[in-house]
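Worksheet: the structure to be examined is printed underneath.
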Amino acid sequence: MVIASALAAPPVFASEALWSTYLEAGQKLNRESNFPQAEKQLEMALANIGDLPADSPKRADLYDLLGQVYCKTGKLTKAEEILKRSLALREKNPKKDSLKLFATVMFLGTVYRNQNKFIDSETLYKRGLAMFEGSGPIKKICQCMVLTALGSLYAESDRPTEAEPLLRKALTLKDSSMFKGTFSASVIHDTLGRILAAEGKSDEAIKEHTMAIEQATKHKDPTAKAFAEGNLANVLSHQGQYDKAFKLLDDARLIIESTNGPDSVEAATLYSNLGLLAINRDRYDEAESWLKKATATHEKHLGPNHSNVGYDLGKMVDIYKNQRKYDQASAAGERSLQILTSCFGKNSPSTATAMNILAGVYRDQQQYDKAIPLLKDAIVAANQSLGDGNRDAALYMCALGQVQFARGEFSEARALIQRAADSLNKDKNAGPLLLAFAYSELAALERKDGKLEQAEILLRKALAARETVYGAEHARLLGDLRLLAKIVAEENKPADLAAVNSRIDTIEKKHPELALKPSVPSLATDKVTLSTNANTNRSVGDKWALVIGVSNFAEPELNLKYAAKDAIDFGNFLKNNAHFASDHVKVLTDKEATRDNIIKQLGSGWLGRL
């Protein structure tokens with residue numbers, strides 16, 4: 001019987017048997033999530049497909065599978081090309097197999113989404129939705145798939161308010177389907193978690209990411225599990241749970257490097273997240289290594305103007321600032337803003353964040369005229385994209401208040417920071433660190449006005465908020481503790497001062513490498529002792545300072561690492577802590593600190609005019 005069946009079968013040509021063998025091997029490796037090896041087998045199948053008719057559906061099947069694998073290994077241009085070939089074949093006879101046409105449409109839409117071609121992606125997804133309108137189990141499943149894809153698209157294109165209702169509708173459709181147990185809802189829960197985390201709803205986000213991990217584990221999808229673990233790690237990192245976050249991220253990295261390869265876009269995303277975690281842990285050399293690797297991989301596969309590159313560069317700004325490399329920090333911040341504006345427009349949450357990051361670079365260099373318009377634009381962008389009274393806008397108002405304080409515009413700074421604090425107090429999802437930021441800034445303003453009791457109350461509230469995230473002995477409490485020490489000294493409270501100084505000593509001994517990195521750098525001072533001066537809070541009106549620091553010389557071997565940054569920090573200290581009037585301090589760094597300009601500022605240019 002076996003021989004007869006074989007004789008009765010149509011002839012199988014050697015080339016067809018060969019490409020079928022490669023195809024089957026590629027399918028098996030794809031199911032095992034071994035995408036780099038699957039890619040090799042499927043490319044061999046493609047190379048040996050020549051004897052198949054040009055319009056054979058088998059060609060489209062191979063194109064679809066290879067396109068998916070290219071997407072997993074980060075070769076998006078190849079994925080787009082091969083999936084377009086599949087779509088052209090399937091469109092010749094669209095009614096013959098509408099489910100396969102639907103799948104090709106969705107695959108190509110996802111490639112466009114990953115390339116930031118959001119309009120093209122949305123067009124294809126909506127085409128997929130139109131193909132299966134109405135009721136019925138198959139239609140419900142297809143609708144669920146499209147709504148999940150559209151929700152992910154809107155989340156990634158900075159349209160979170162549109163994304164969340166679609167994802168929740170997708171969950172409802174899945175749960176009402178007779179096939180609800182047969183496919184994973186991991187992507188839905190994971191994307192919802194990212195949206196909730198961005199809204200500050202950390203507890204809800206953790207629940208969604210945990211459900212995503214459970215779904216991925218149940219359906220044996222290691223890639224989806226790794227992504228969900230990585231996103232859960234980001235939430236835990238924001239809460240200060242760094243050890244748990246690192247374990248999750250590192251486990252996710254190992255999975256993705258095994259399934260997608262270390263040179264994939266998916267791996268690069270995890271490298272970027274590891275870089276951010278290292279920044280949060282003040283491990284800047286480690287962060288730089290991860291982020292340079294992430295940026296190079298993203299640029300290689302996605303191009304230099306992809307949003308992922310913009311996000312990586314935004315994170316690099318913190319590293320360059322810590323290294324006192326302000327030219328590089330400015331360049332990275334400007335490029336990040338340019339990329340994200342191009343991807344999402346001027347009034348999006350991500351663009352607003354980039355504006356705030358770049359403004360911080362300018363603020364630290366006392367380039368206030370550059371920082372102020374950026375912060376004002378960030379506030380407008382946040383309010384337009386997220387609605388009035390959102391926590392992002394409140395953060396940018398605090399940052400703008402900081403700049404106004406540094407410029408000596410104290411009443412404007414107070415009004416803005418108080419408005420931000422009031423907004424944050426009304427937002428149950430604001431988060432303790434944002435509140436602490438606002439309280440610390442208000443405390444500095446109250447102290448300047450001599451309202452020491454109110455300043456102390458605000459600063460203790462800031463400390464209590466930070467302690468909920470970092471604990472009682474973290475170096476990020478030092479800024480507030482040092483300011484508190486000054487305040488209680490000025491209030492002549494020796495017992496309180498001794499208690500605060502004891503806490504400072506304990507933290508500095510436990511974290512010597514972080515002792516000079518307080519959460520509010522402008523307020524950092526040496527240990528405070530009680531003073532017999534009549535009025536230590538008086539603004540010094542008759543003292544002036546020209547502060548000079550040069551890091552970059554014409555001869556590179558003479559370059560210094562921290563001179564320019566130290567000059568800027570000292571200028572800030574004189575204004576914010578030593579109570580020099582804002583217009584009584586001038587800082588010259590690098591290119592500004594020429595011999596001629598120094599003589600000019602000491603002479604007719606500035607001090608000579610007094």
Side-chain angles (χ1 to χ4, degrees), residues 55 57-65 67-68 71 76 79-80 82-196 208 211-212 215-216 218-219 221 224:
D55 59 350
K58 291 182 179 180
R59 285 182 176 269
D61 293 342
L62 174 58
Y63 297 158
D64 277 349
L65 185 56
Q68 291 177 67
C71 195
L76 297 180
E80 179 184 357
I82 202 81
L83 287 169
K84 281 182 176 178
R85 289 164 67 181
S86 174
L87 185 60
L89 278 176
R90 297 204 188 281
E91 284 177 333
K92 290 180 179 179
N93 196 356
K95 293 183 179 179
K96 185 174 182 180
D97 198 334
S98 58
L99 278 174
K100 286 189 175 181
L101 174 60
F102 171 80
T104 304
V105 166
M106 297 301 293
F107 295 151
L108 184 55
T110 298
V111 171
Y112 284 145
R113 188 180 91 208
N114 291 340
Q115 293 173 313
N116 276 6
K117 296 179 179 179
F118 299 127
I119 295 174
D120 292 336
S121 176
E122 185 175 19
T123 299
L124 281 176
Y125 285 158
K126 288 184 175 179
R127 176 181 172 183
L129 190 62
M131 291 173 66
F132 287 93
E133 292 178 331
S135 58
I138 298 297
K139 290 182 177 180
K140 279 189 176 182
I141 293 298
C142 292
Q143 289 165 19
C144 177
M145 292 172 63
V146 177
L147 292 175
T148 301
L150 275 171
S152 300
L153 167 66
Y154 292 152
E156 291 167 21
S157 57
D158 245 16
R159 296 157 64 181
T161 54
E162 296 175 69
E164 186 173 351
L166 290 180
L167 292 166
R168 297 203 181 279
K169 186 175 179 181
L171 272 181
T172 301
L173 280 170
K174 175 188 178 297
D175 290 341
S176 66
S177 167
M178 63 184 291
F179 302 117
K180 65 180 180 180
T182 61
F183 71 95
S184 174
S186 178
V187 173
I188 303 175
H189 289 298
D190 194 38
T191 309
L192 277 172
R194 287 191 285 123
I195 293 169
L196 292 167
E208 292 292 344
M211 285 191 281
Q215 283 279 302
K218 176 183 176 182
H219 291 274
D221 187 341

Within the 4.5 Å heavy-atom criterion, are [X] and [Y] side-chain neighbours or not?
X	Y	value
H189	L171	yes
Q215	D221	no
S152	V187	yes
S121	N114	no
L108	E80	yes

Would you compute the distance between atom [atom1] of [X] and atom [atom2] of [Y] and round it to the nearest 0.5 angstrom?
X	Y	atom1	atom2	result
I195	D190	CD1	CG	10.5 Å
L147	K169	CG	NZ	6.0 Å
L167	T191	CG	OG1	5.5 Å
T104	L124	OG1	CG	10.5 Å
Y63	R85	OH	CZ	4.0 Å
L166	C144	CG	SG	11.5 Å

Taking all non-hydrogen atoms of both residues, which atom of [X] and which atom of [Y] are closest, and how far apart?
X	Y	answer
R194	E156	NH2-OE2, 4.1 Å
G67	L83	CA-CG, 4.0 Å
A212	S186	O-OG, 3.0 Å
C71	A79	N-CB, 4.0 Å
G128	V146	C-CG2, 3.9 Å

Practice task
Measure from the side-chain N and O atoms of K139 to the backbone N and O of F132, and report whether any donor-acceptor pair falls under 3.5 Å.
Solution key: no

Handout entry: Q143 side-chain N/O to G134 backbone N/O, donor-acceptor pair under 3.5 Å
Key = yes

Practice task
Sort out for me which residue in R159, R127, R113 forms a salt bridge (charged side-chain N to carboxylate O under 4.0 Å, His left out) with E122.
Solution key: R159

Handout entry: Criterion salt bridge (charged side-chain N to carboxylate O under 4.0 Å, His left out) against D64, the qualifying member of R59, K58, R90
Key = R90

Practice task
Step by step, work out the side-chain contact (heavy atoms from CB on, under 4.5 Å) result for E164 and L196.
Solution key: CA-CA 9 Å; E164 186 173 351; L196 292 167; 4.2 Å; yes

Exercise for the section: Return yes if a side-chain donor-acceptor contact under 3.5 Å exists between T110 and Y125, otherwise no. Expected result: yes

